[in-house]
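Comments concern the structure below.
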Amino acid sequence: MRVTQLLVPTTKETPNDATLPSHIFLVRAGFIQGVGSGLYNFLPLGKRSLDRVQRVVKEELDKAGAQEVSLGFVTPASLWRESGRFDKYGKELLRFKDRKDNDFVLGPTHEEMMVNLVKGSVKSYKELPLNLYQINLKFRDEIRPRFGLMRGREFLMKDGYSFHVSHEDMYREFCLMEETYKKIFTRLGLEFRIVEADSGAIGGSGSKEFMVLAESGEDTIVVCDSCEYGANIEAAVRAPKGCEVEPPEANYSLFRTPDTTTIEQLSEFFKVDPYYLVKTVAKRALLDDGESKIVLFALRGSDELQETKATNAAKANELVDISAEELEKAGLIAGYMGPVIVPEGIELICDETLKGAANLICGANEKDYHIVGVDLGALECKFSDLVAVAEGDGCPHCNGKLGYTKGIEVGHIFQLGTRYSDPLGANFLDENGKSVPFIMGTYGIGVSRLLAAIIEQHHDENGCIWTRESAPFDLTIIVSNAKDEEQMNFALSIYEELRGKGLEVLLDDSKERFGFKMKNYELIGIPYGLIIGKNLADGSVELVRREGLVKETLSTENLAEVVAGKLC
RNA sequence: CGGAGUGUAGCGCAGUCUGGUAGCGCACCUGGUUUGGGACCAGGGGGUCGAAGGUUCGAGUCCUUUCACUCCGACCA
C-alpha cells in the first residue's frame with residue numbers, strides 16, 4: 001500500500017479528552033476517530049491492526065477446536081427475561097422497541113443467544129462437547145465511557161461458549177481455553193498475568209482474568225512477591241492475619257464514648273489496636289425489580305470493606321451509600337453501629353474473621369456509647385469474606401507478601417455450570433436417556449481493547465510501537481525525497497520484491513520532507529522502516545527498528561533477502 | 001444519578017465579565033523557494049458561534065429552557 005493512496009490523518013495536536021498514551025497515539029496516528037461518547041470509527045490503519053489481532057485470536061481458537069459463528073447483534077428482550085438478566089444487567093443494557101412495540105436489546109454479551117442456538121440444534125450427549133465463539137460488536141451503555149478504545153460503549157469482543165455433559169469435561173475445556181489464551185496474548189507480545197476473579201454479572205464460579213500489566217490499568221490486582229498467586233482485588237484472599245498486641249480484657253458493658261465515631265478515634269480513645277474494634281458499614285443493597293434493603297457489614301477495624309465481595313454476600317446487584325436521614329429512619333446511629341444490637345428488619349453480614357471472635361469493642365447503636373468485652377461466639381448471622389486484601393498481607397499459598405499492581409482486563413474465562421442452560425431450558429439427553437441441562441463455560445476477549453492494551457504497554461514519547469502480530473504493516477519504506485527518480489525507482493522495485501515475499505509493506509511515496517516522514521513513521525509505529533535516502537548513491541540504505549529507534553546501514557546488494565530475513 | 005466544567009472553521013483555542021461587521025494557531029487550496037528530522041514567503045477557501053425561546057435599534061456576548069460532550073467517584077471485555 002502506498003501512503004499517497006492511504007487515508008492516514010495524522011496530527012501533531014492531541015485531542016483534549018485523551019489522557020492515556022493509547023488513546024492519544026491511536027487518534028494522532030490516524031488509527032481511530034471518535035464519533036461520540038465511547039464510540040469510535042476505525043480508519044484503514046486501525047482496521048488493519050484490528051484484523052491482525054482478530055486473526056491471531058481466530059487461529060488459536062480454531063487450533064483448539066472451537067468453531068466460529070456469528071450471532072445477531074439485536075436480541076429479542078424475551079430471551080433476557082427468561083434468563084433473568086433483563087433487570088439484573090441494569091442500565092448498561094441498551095433497550096429499545098421496534099415499530100410493533102416489541103422490546104429488544106443490543107447484545108452486551110451473548111450467553112442467551114448462544115444457549116438458544118444450541119438448544120435448538122443439539123439434542124444428544126453424542127454431539128458434545130461443543131465450543132462455539134464469535135468475534136462481534138457488543139454494546140454496553142457504560143456509565144462513564146473513557147480512555148478511547150479501553151472503555152468504549154461499542155466494542156469488538158470475542159465471546160466463546162462451551163457445552164458439556166459433565167463438570168469434569170467443562171473444566172478440561174476451561175483449562176484448554178486458559179492455555180489457548182496464553183498463546184494468544186503471548187503471540188501479541190503482551191506481558192500479562194492470570195488472576196483469580198469475581199464473576200460479576202455473568203455468574204458462575206472459578207473465573208480467571210487475563211490482565212495486561214500497565215500503570216494505566218483500571219483494575220487493581222493483588223500479586224504475591226514469591227509465588228504465582230494473583231487475584232483481582234475483588235476476589236483476592238490472604239493468609240489468616242492475627243494481631244500481636246494483647247486483646248483488651250473487659251466484661252461486657254456499655255461505655256460512654258462521646259464524639260468517637262471513627263476507628264482511629266476509637267483506637268485512640270481505648271488505646272486498643274483496631275484489630276479488636278468492629279467496623280460496621282451500612283449500605284443500601286439494590287435488588288431485582290427495583291427492590292432494595294439496608295445491609296450492615298461488620299468487619300475488624302483493621303480491615304477495609306471490599307465492595308464487590310460485600311455485594312455478592314448480600315446477593316445484591318449493587319450497593320449504594322446511605323444518606324444520614326435514611327440511617328436515622330432505619331433506627332441506625334451513624335458512628336455507633338455494631339453487630340450486637342441491630343434494629344429489626346436489617347440484615348447483618350459479618351466478615352469471617354469475626355466468627356467466634358471475642359474481646360471486641362463495637363458500637364452500641366446508641367449515641368455516644370460503645371460496648372466493650374464483646375464476644376461474638378453466639379452471634380447468629382451470615383459470615384462471609386468481606387475484606388479488601390491490603391498491600392503487605394500474607395500470601396494464602398506461600399510465605400510471600402502480597403502487593404498491588406494495575407492491570408487491563410483483556411480476557412475473562414468463566415466456569416458457568418448451568419447458570420443459563422437451566423433457566424433457558426437448554427437440555428440434552430444423556431447416556432441414560434435423561435433430560436439434563438448443558439454444563440457450560442464462557443470465555444471472553446476484548447479484541448478492540450487489546451489494541452489499546454498493546455499501545456499502553458508498547459509506546460514511547462514519539463508514538464506507537466506495534467508488536468509483530470498486531471502491526472498494520474510489517475515494514476514502511478520511506479523515500480527520503482520522492483521527487484528523486486533514482487530513490488523512487490529503487491524504492492518501487494524493493495517494494496514489489498518484498499511484497500512478493502509475502503510481507504505487508506507500506507511505501508511512503510508522499511512528497512513531504514524527510515523530517516515529517518520520520519515523525520509520522522515514529523507516530524504510526526510500524527515495527528521496521530527502510531529508509532531510501534541520499535546514501536543510495538553509495539549503494540546503501542538504512543533499516544530502522546521502531547523499538548529503540550536503532551538504525552543499521554545495509555547494502556543495496558541482495559537487499560530484499562536481507563530485509564525479509566531480519567523481519568521474520 | 002451525584003459533584004465540577006466545556007460547547008465558536010476539520011482539530012486546538014481566544015473573544016463572553018463591559019452587547020456594536022467572526023478571530024488566532026494547526027490542517028487545507030494556489031504559486032514560489034526549500035529537501036536527512038514535523039521548513040519558509042505570498043495569496044486563498046472554509047463558521048446556522050450546540051439548539052430553542054426571550055430582552056434589545058442591535059446578541060457569540062445578557063436572561064430562560066434544552067441538548068451534547070469532557071473531567072472526578074460507583075460498572076466491565
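Residue numbers begin at 1 in each chain, while the letters A, B, ... track the order of the sequences. Any value given below was found using the heavy atoms of this structure, including those in side chains, with hydrogens, waters and symmetry copies removed.
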Modelled atom types, side-chain donor and acceptor of [X] and [Y], under 3.5 Å:
X        : Y        : value
A:Gln67  : A:Asn131 : no
A:Asp159 : A:Tyr161 : yes
A:His459 : A:Ser22  : no

Rounded off to whole Å, could you give me the [atom1]-to-[atom2] distance for the [X] and [N] pair?
X        : N     : atom1 : atom2 : result
A:Leu286 : B:C1  : CG    : C1'   : 12 Å
A:Leu20  : B:U70 : CG    : P     : 14 Å
A:Asn312 : B:C76 : CG    : P     : 10 Å
A:Asp321 : B:C1  : CG    : P     : 18 Å
A:Phe147 : B:U70 : CZ    : C1'   : 12 Å
A:Leu61  : B:A77 : CG    : C1'   : 14 Å
A:Arg151 : B:U70 : CZ    : P     : 14 Å
A:Glu318 : B:C76 : CD    : C1'   : 13 Å

With both distances under 3.5 Å as the test, what is the Watson-Crick or G-U wobble partner of [N]?
N     : result
B:G58 : none
B:A51 : B:U65
B:C24 : B:G12
B:C71 : B:G3
B:A39 : B:U33
B:G45 : none

Taking only the [atom1] atom of each, what is the distance from [N] to [M] in whole angstrom?
N     : M     : atom1 : answer
B:U61 : B:U16 : C1'   : 4 Å
B:A9  : B:A51 : P     : 11 Å
B:C17 : B:G50 : P     : 15 Å
B:U70 : B:C1  : P     : 16 Å
B:A14 : B:G53 : C1'   : 28 Å
B:A27 : B:G12 : C1'   : 11 Å
B:G45 : B:C26 : C1'   : 16 Å
B:G20 : B:C63 : P     : 15 Å

*A:Tyr181 vs A:Phe185 aromatic rings, parallel, tilted or perpendicular, using cut-offs 30° and 60°?*
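Aromatic pair A:Tyr181/A:Phe185 classed perpendicular.
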
Please determine whether any donor N or O and acceptor N or O are separated by less than 3.5 Å between the side chain of [X] and the base of [N].
X        : N     : value
A:Arg513 : B:U34 : yes
A:Glu522 : B:G38 : no
A:Lys551 : B:G37 : yes
A:Glu512 : B:G38 : no

In terms of side-chain heavy atoms of [X], which of [options] is nearest?
X        : options             : value
A:Arg153 : B:U70, B:G37, B:C69 : B:C69
A:Met518 : B:G38, B:A77, B:G37 : B:G37
A:Asp219 : B:G25, B:G36, B:C76 : B:C76
A:Asn481 : B:A77, B:G37, B:U35 : B:U35
A:Ile531 : B:G36, B:C11, B:A77 : B:G36
A:Lys483 : B:U35, B:C71, B:C26 : B:U35
A:Arg449 : B:U35, B:G36, B:A77 : B:A77
A:Lys534 : B:U70, B:G36, B:A77 : B:G36

Give [X] one of three labels, base, sugar-phosphate or nothing, depending on what nucleic acid heavy atoms sit under 4.0 Å from its own.
X        : answer
A:Met157 : sugar-phosphate
A:Gln487 : nothing
A:Gly411 : sugar-phosphate
A:Gly444 : nothing
A:Gly152 : base

Does a side-chain N-to-carboxylate-O contact under 4.0 Å join [X] and [Y]?
X        : Y        : result
A:Asp51  : A:Lys47  : yes
A:Glu154 : A:Lys138 : no
A:Arg545 : A:Glu547 : yes

_Centroid under 5.5 Å and tilt under 30°, A:Phe155 to B:A77_ =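 Stacked: ring centres under 5.5 Å, planes under 30°.
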
Would you say a side-chain N or O of [X] is under 4.0 Å from OP1 or OP2 of [N]?
X        : N     : answer
A:Asn16  : B:C13 : yes
A:Arg144 : B:C72 : yes
A:Ser37  : B:U70 : yes
A:Arg140 : B:C76 : no

*Considering heavy-atom distances to RNA chain B, does A:Ser480 or A:Phe210 have its closest nucleotide positioned more toward the 5' end?*
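Nearer the 5' end of the strand: A:Ser480.
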
*Between A:Phe210 and A:Arg193, is there a cation-pi geometry (under 6.0 Å to ring centre, at most 45° from the normal)?*
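Judged by the rule, A:Arg193 and A:Phe210 form no cation-pi pair.
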
*asked:* Checking the side chain of A:Asp460 only, and the main-chain atoms of A:Gly463 only, is there a donor and an acceptor separated by less than 3.5 Å?
replied: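 Yes, A:Asp460 side chain to A:Gly463 backbone: donor-acceptor pair under 3.5 Å.
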
